[in-house]
Amino acid sequence: MNINSETVRKIGGDKYDILKFILALLIFSLHSNLLPIYFRPFQRMAVPLFFMMSSNFFFSKLRQLPQTAERHRALVKYLKRFFSLLLFWTVVFIIPLNIQRHWSSHPFPLSVLSFLQSLACGSTFIASWFLSSTIIATTILYWAIYKARMATWLVFCLSLSAYLICCRFSLYSGFFPLSPMQQTALNVYQQYLGVPYNSFPAALIWIFIGKMIAYEELRLTKRVSLLLSCAGFMLLLFEYTLVYLSADIAYTDCSVSLLIVCPAFFMYFTYLDDINIKHARLLRKHSVVIFCTHGSFLIIYHLLFITPTIIPYLTLASCLLTGMLVIHYSNRIQILRYSH
């Protein structure tokens, strides 16, 4: 089925490629500790925005497909894209990743099971949980929406509940100490399904919000989305400051204020006029390579005992060089097309 030009304009454009590149740099700066801690709240916006953007694009296209078979094919194609990225970069960096994750330290077949658990519900390379979580969460939501035909409010409430639980174990973990029984239960859960706030439970709400925006079930005017974005920014800063001053925290992945600022900002961004950038598509490809490779390069340079102060800059240069090489040779070497 053909998608009209107005729909294409709404769900794509050079401005999104620029945003993806900026978000990839934010995630790199977060994991490399390149920026002071004061930037942490804004860095934490990157992953939710990535989830919503990817989901919005997918469900906007899915909305144009009336046939179940067409939607199913679109889903499979979408999920294969994420799995290809996950598998490609895991294989490329398998040696340093194994050193960090200790997969081979387990006897066979536990070593294989440990690897598969990291691949599906944890992380292989740093930030890979975004890819595996997108695969799992999108599949769950697709089933709930199109197969089980669950009510929108019910899917939203379940997704929101999962995210709030992630907040409890992330930013608010210092406020709610676990009892020995609760800690044991959490350890068992994490052993098989990974850390909640770095796995698919944290992704459900963002992917569902992206779907709601695509289906215009959640829509704000440009003015309201701008005002709510500004208010959300202030609330985000207040929340992080309050928590930092009030409790000891080790994880800052999930916070309540992100539920306000990220959807509002994304909706405001959709209203902005598109801009024409000659190499926007190239920026999009580089954003994927930076996202998928920066963590592994950080591991490698730490293992080589490189001076810590230069590691972030060396890592970024390595990501950009790697991007240039795989993009340039992807037309000649078929497998490199799975890299970006």
Side-chain angles (χ1 to χ4, degrees), residues 19-20 23-24 26-27 30-31 43-60 62 75-76 78-87 89-90 117-146 148 150 152 154-171 189-190 192-215 217-218 251-263 265-266 287-288 291-292 295:
L19 180 60
K20 289 176 184 177
L23 295 179
L26 277 176
I27 292 172
L30 171 66
H31 294 146
Q43 292 170 319
R44 287 302 182 189
M45 291 178 58
V47 169
L49 287 171
F50 261 132
F51 275 128
M52 284 190 295
M53 199 183 322
S54 299
S55 171
N56 183 255
F57 289 174
F58 171 65
F59 282 104
S60 292
L62 214 63
L75 173 68
V76 172
Y78 179 73
L79 299 183
K80 283 175 64 177
R81 155 78 172 151
F82 283 90
F83 183 74
S84 297
L85 281 173
L86 175 61
L87 192 60
W89 290 112
T90 297
Q117 189 275 337
S118 296
L119 194 69
C121 299
S123 291
T124 51
F125 54 87
I126 295 175
S128 71
W129 76 271
F130 169 83
L131 302 174
S132 57
S133 296
T134 297
I135 294 171
I136 297 173
T138 302
T139 302
I140 291 172
L141 291 173
Y142 181 89
W143 174 85
I145 296 166
Y146 296 105
M150 295 172 62
T152 297
L154 180 57
V155 179
F156 177 80
C157 289
L158 293 174
S159 302
L160 179 61
S161 298
Y163 181 78
L164 293 177
I165 292 173
C166 293
C167 291
R168 180 259 177 270
F169 290 114
S170 179
L171 191 65
Y189 177 92
Q190 291 182 165
Y192 296 101
L193 295 177
V195 179
Y197 48 82
N198 280 163
S199 187
F200 68 91
L204 287 167
I205 188 63
W206 303 120
I207 294 175
F208 188 65
I209 289 175
K211 179 264 179 187
M212 292 177 70
I213 295 174
Y215 275 66
E217 296 165 331
L218 176 63
Y251 312 106
T252 60
D253 301 74
C254 298
S255 68
V256 175
S257 299
L258 290 174
L259 290 169
I260 299 174
V261 64
C262 290
F265 175 80
F266 182 69
S287 69
V288 175
F291 184 91
C292 293

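Bear in mind the structure is a predicted one, so any value in this text is a computation, not a measurement. Residue indices begin at 1 and follow the sequence shown.
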Novice: Begin from the C-alpha positions of Leu131 and Phe125 and carry the test side chain to side chain contact (heavy atoms under 4.5 Å, CB included) through to its verdict.
Specialist: CA-CA 11 Å; Leu131 302 174; Phe125 54 87; 3.7 Å; yes
Novice: Got Lys211 and Leu141 here, is their nearest side-chain heavy-atom distance under 4.5 Å?
Specialist: no
Novice: Taking C-beta and beyond as the side chain, do Tyr192 and Cys121 meet within less than 4.5 Å on heavy atoms?
Specialist: no
Novice: For the side-chain contact (heavy atoms from CB on, under 4.5 Å) test, which of Ile27, Asp253, Leu30 pairs with Val47?
Specialist: Ile27
Novice: So which atom in Cys292 and which in Trp89 form the shortest heavy-atom distance, rounded to 0.1 Å?
Specialist: CB-CD1, 3.3 Å
Novice: When you compare the side chain of Thr134 with that of Tyr78, does any pair of heavy atoms fall below 4.5 Å?
Specialist: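 Side-chain contact under 4.5 Å: yes.
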Novice: Any side-chain heavy atom of Phe59 sitting closer than 4.5 Å to one from Leu62?
Specialist: yes
Novice: Say you draw a straight line from CG of Asn198 to OG of Ser170; how long is it, rounded to the nearest 0.5 Å?
Specialist: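 That separation rounds to 8.0 Å.
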Novice: With sequence neighbours excluded, what pairs up with Phe266 under the ring-ring contact (aromatic ring centres under 6.0 Å, His included) test?
Specialist: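 Per chain and number, Phe266 pairs via ring-ring contact (aromatic ring centres under 6.0 Å, His included) with no residue.
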Novice: Determine whether the aromatic ring centres of residues Phe51 and Trp129 are separated by less than 6.0 angstrom.
Specialist: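 So the answer is yes for these two rings.
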Novice: How long is the straight-line distance from CG of Leu87 back to CG of Leu119, given to the nearest 0.5 Å?
Specialist: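 Output value for this atom pair is 6.5 Å.
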Novice: Among residues two or more places apart or on two chains, list those pairs meeting side chain to side chain donor-acceptor pair (under 3.5 Å) that have a residue in residues 154-165.
Specialist: none
Novice: Please verify the inter-ring angle class for Tyr146 with Tyr142; under 30° counts as parallel, over 60° as perpendicular, anything in between as tilted.
Specialist: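 Ring orientation of Tyr146 relative to Tyr142: tilted.
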Novice: Taking the side chain as C-beta and beyond, is there a heavy-atom pair between Phe130 and Phe82 under 4.5 Å?
Specialist: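 They are in contact (side-chain heavy atoms under 4.5 Å apart), so the answer is yes.
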Novice: Please report the closest heavy-atom contact between Gly122 and Ser128, naming both atoms and the distance.
Specialist: O-OG, 4.3 Å
Novice: Using side-chain heavy atoms (C-beta onward) and a distance below 4.5 Å, is Cys254 in contact with Arg168?
Specialist: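 Sidechains of Arg168 and Cys254: no contact.
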Novice: CD1/Ile135 to CZ/Arg81 distance, rounded to the nearest 0.5 angstrom?
Specialist: 11.5 Å
Novice: What do the steps show when you test Leu171 against Val256 for side chain to side chain contact (heavy atoms under 4.5 Å, CB included), and what is the final call?
Specialist: CA-CA 9 Å; Leu171 191 65; Val256 175; over 6 Å; no
Novice: Taking all non-hydrogen atoms of both residues, which atom of Ser199 and which atom of Ser133 are closest, and how far apart?
Specialist: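 Taking every non-hydrogen atom into account, C-OG, 3.1 Å.
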Novice: Looking only at heavy atoms, which two atoms of Met52 and Pro263 are closest? And how far apart?
Specialist: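 That would be CE-N, 3.7 Å.
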Novice: Using 0.5 Å steps for rounding, measure from the CG atom of Leu258 to the CH2 atom of Trp206.
Specialist: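 That separation rounds to 5.0 Å.
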Novice: How long is the straight-line distance from CD1 of Ile209 back to CG of Asn56, given to the nearest 0.5 Å?
Specialist: 11.5 Å
Novice: Which heavy atom of Cys262 sits nearest a heavy atom of Leu49, and at what distance?
Specialist: O-CD2, 3.7 Å
Novice: Once rounded to the nearest 0.5 Å, what's the spacing between atom CZ of Phe208 and atom OH of Tyr215?
Specialist: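 One gets 10.5 Å once the value is rounded to the nearest 0.5 Å.
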Novice: Taking side chain as C-beta onward, heavy atoms only, is Met150 less than 4.5 Å from Leu158?
Specialist: yes
